[in-house]
Amino acid sequence: MSELLTYILNNEDAFRRNRLPSLYSDFALQKKTNPDGYAVNVAAWEQALNRAAKRGYTSSRGVRVRSESTSQRNGNGAPRRKKTHHLILRTDESLLRDLELPEWGRPVALGAVFVEAMSKRSMIPLSVYKTDPGCLRKRQWTVLDPSALSPWNVMSWGARQLKSMVVGSDESAPRIQVQELVLVENLQEAADLAIKKATGGTSSKLDLIYSRESFVETFATILDDTTELSDSDFDVLLVYLSRDCGAIAYDGKTVKFKSADEHPQITQQDGTIASIKTLVSTISKQVSDLEAKIEGLNATAKAALANKNRISALAAIKSKKMVEHNLQQRLNTLSQLEEVYSRIEQAVGQVEIVQVMEASTGVLRGLHAQTGGAQRVEDVVEELREEMSKVDEIGSIMNEAAPVIDDGEIDDELEALEKSDQKAKEDAEAEETRRKLAELDSIKQASDEAVRQAQAGKDVDLELAESIGRLSNMSVEDPLSAK
């Protein structure tokens, strides 16, 4: 069983064991008699192939690397990754062979799945996509219909399966054509992830510029960490980013992402910056390789000395010296390139500052033009002062025309109001005092009554105690003797 089929069976819920007979049958016969069942099977295959391609399982030429042996590692010790198609699906005999099951054979109606996908524009032939700029905008389409895989549709398909088999149809599944299809859903996801990664944490405009080589290296694992996008995938991705969504400018060598304040446009300076960045990355890798080689030669020399093999030890040390010389040259070159790049980055920042200052100067010039200059402002202020003095003069004239009021009468009325307020306050305070005295008097009476009741109780208790004492002192014979 191929890795593609193993992935689908283990990760796709629609490919349960009881669903495999229908998925591998010629369900194209039910397109008219059982449209729900037909839609369910088409959606299941389309979704499974898209997700498998996203993980790199659909490429018949690429083999996913799972072992991490030394022979499968690159120079810096990281495991090598195979390049497989993630955005392109090749429909040929190898795909049918990878999907073949011993029990059910090959999927008979897979050709109908591709026909439906192309009609919805969820899969587009590679040749059409490269030559037709409007192939994604010709009609509204959706990648997958989520309702097609709903439990109700699955149950409806099962209920009508027997009927469809009895009725039958003369519309058999079309044969698979050998072609390469662009998986639009995966393409859009890869583009969104690349834009977010490129523009999410940029601190300088230089970070938005890539050479094609550095772009491929940076975004190779954008969809899957264990496999890399193929060269054809990158061709399609660059076309989509530059032509269909306008996120980058691309001239075949240099890639420039769109910044927030300008549209991307490749200049000669951008090409130079991309070349410098690529060269710095290349020399950095060479430095890492040379450092690893020096460590290996040093270990070889130590092992030769341990085995008392002086000749091999001298040869290893000599090779080590030569590698160290090459390493020093690479380090010097790398230092110079990094300094040049730093100066370029500083100059770009200065250009931005100058542009902002120039734009600010234009804004201020326009505002000054609106105010008319300092002389016009002085004239406006002087006119304002004159108008304000006129307001004061008019107010004085109006005050002269107002009736004359005796200040003594005003003082007497104010004094009468103050006395009235004072008397009202005194009356209120006197009433409050009487109320409090009445409360105190009632409290005192209640207290005296309680004391009297308590005293009366004590007198009764005393008389009762005395009576009990007299009775206890009397004997039985006392009454008789007295008698």
Side-chain angles (χ1 to χ4, degrees), residues 196 199-205 258-262 346 349-474:
K196 183 182 294 185
T199 61
T202 57
S203 58
S204 171
K205 288 187 177 181
K258 176 182 178 181
S259 59
D261 56 347
E262 65 179 3
Q346 183 179 1
Q350 292 173 348
V351 169
E352 293 179 357
I353 294 173
V354 172
Q355 290 176 351
V356 171
M357 294 174 65
E358 185 176 3
S360 301
T361 302
V363 172
L364 291 174
R365 185 182 297 110
L367 294 175
H368 289 160
Q370 294 178 13
T371 59
Q375 184 61 40
R376 182 171 180 271
V377 172
E378 290 180 357
D379 295 340
V380 170
V381 172
E382 185 63 27
E383 292 176 359
L384 179 62
R385 289 173 180 171
E386 291 180 359
E387 296 300 326
M388 291 174 65
S389 63
K390 290 179 181 179
V391 172
D392 295 337
E393 184 178 356
I394 294 173
S396 299
I397 295 173
M398 294 177 66
N399 290 333
E400 292 177 357
V404 179
I405 300 175
D406 187 3
D407 292 338
E409 294 179 359
I410 295 176
D411 293 337
D412 294 340
E413 186 174 353
L414 179 60
E415 184 178 358
L417 289 174
E418 290 177 348
K419 289 180 179 180
S420 177
D421 292 341
Q422 182 66 28
K423 186 176 182 304
K425 291 181 180 179
E426 291 176 353
D427 293 341
E429 291 176 356
E431 181 64 26
E432 181 68 18
T433 302
R434 285 193 296 271
R435 185 182 62 79
K436 289 183 178 180
L437 290 175
E439 291 179 355
L440 291 175
D441 186 55
S442 61
I443 293 172
K444 184 176 183 303
Q445 291 177 0
S447 177
D448 293 342
E449 182 64 25
V451 171
R452 285 196 300 271
Q453 291 178 358
Q455 186 65 35
K458 289 181 181 180
D459 294 342
V460 172
D461 293 339
L462 182 59
E463 292 177 359
L464 181 60
E466 290 178 354
S467 299
I468 293 172
R470 286 196 300 269
L471 288 174
S472 63
N473 293 331
M474 293 174 64

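- Panel note: side chain S447, backbone I443; no donor-acceptor pair is recorded below 3.5 Å.
- With E432 as the partner, the side chain to side chain contact (heavy atoms under 4.5 Å, CB included) test is satisfied by one option alone out of R434, E429, K436: K436.
- Within 6.0 Å of CD in E358 there are 12 or fewer heavy atoms belonging to other residues, nucleotides or ligands.
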For R385 and V381, what are the C-alpha separation, side-chain angles and deciding distance, and is it a side-chain contact (heavy atoms from CB on, under 4.5 Å)? CA-CA 6 Å; R385 289 173 180 171; V381 172; 3.7 Å; yes
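- Two residues are said to be in side-chain contact when any heavy atoms from C-beta on lie closer than 4.5 Å; E449 and Q453 meet this criterion.
- With rounding to the nearest 0.5 Å, the separation of CZ in R376 from NE2 in H368 is 13.5 Å.
- Summarising the local packing, CZ of R435 is surrounded by more than 12 heavy atoms from other residues, nucleotides or ligands at distances under 6.0 Å.
- The 12-atom threshold is not exceeded at CD of E413, counting heavy atoms of other residues, nucleotides or ligands nearer than 6.0 Å.
- Here the closest heavy-atom approach between residue V377 and residue T371 is recorded as CG2-O, 4.2 Å.
- Summarising the geometry, atom CG belonging to L384 is positioned 9.5 Å from atom CD belonging to E382; distances are rounded to the nearest 0.5 Å.
- A salt bridge links K390 and E387; the closest N-O separation between the charged side-chain nitrogens and carboxylate oxygens is under 4.0 Å.
- Ionic pairing of K444 and D448 is present here: one or more N-O contacts between side-chain nitrogen and carboxylate oxygen are shorter than 4.0 angstrom.
- Looking only at side-chain heavy atoms (C-beta outward), L414 and E418 come within less than 4.5 Å of each other.
- Proximity of a side-chain donor or acceptor of S360 to a complementary backbone N or O of V356 within less than 3.5 Å is detected.
- Among all heavy-atom pairs drawn from T199 and K258, the shortest one is CG2-O, 4.1 Å.
- A salt bridge does not link E426 with K423: every distance from a Lys NZ or Arg NE/NH1/NH2 to an Asp or Glu carboxylate oxygen is 4.0 Å or more.
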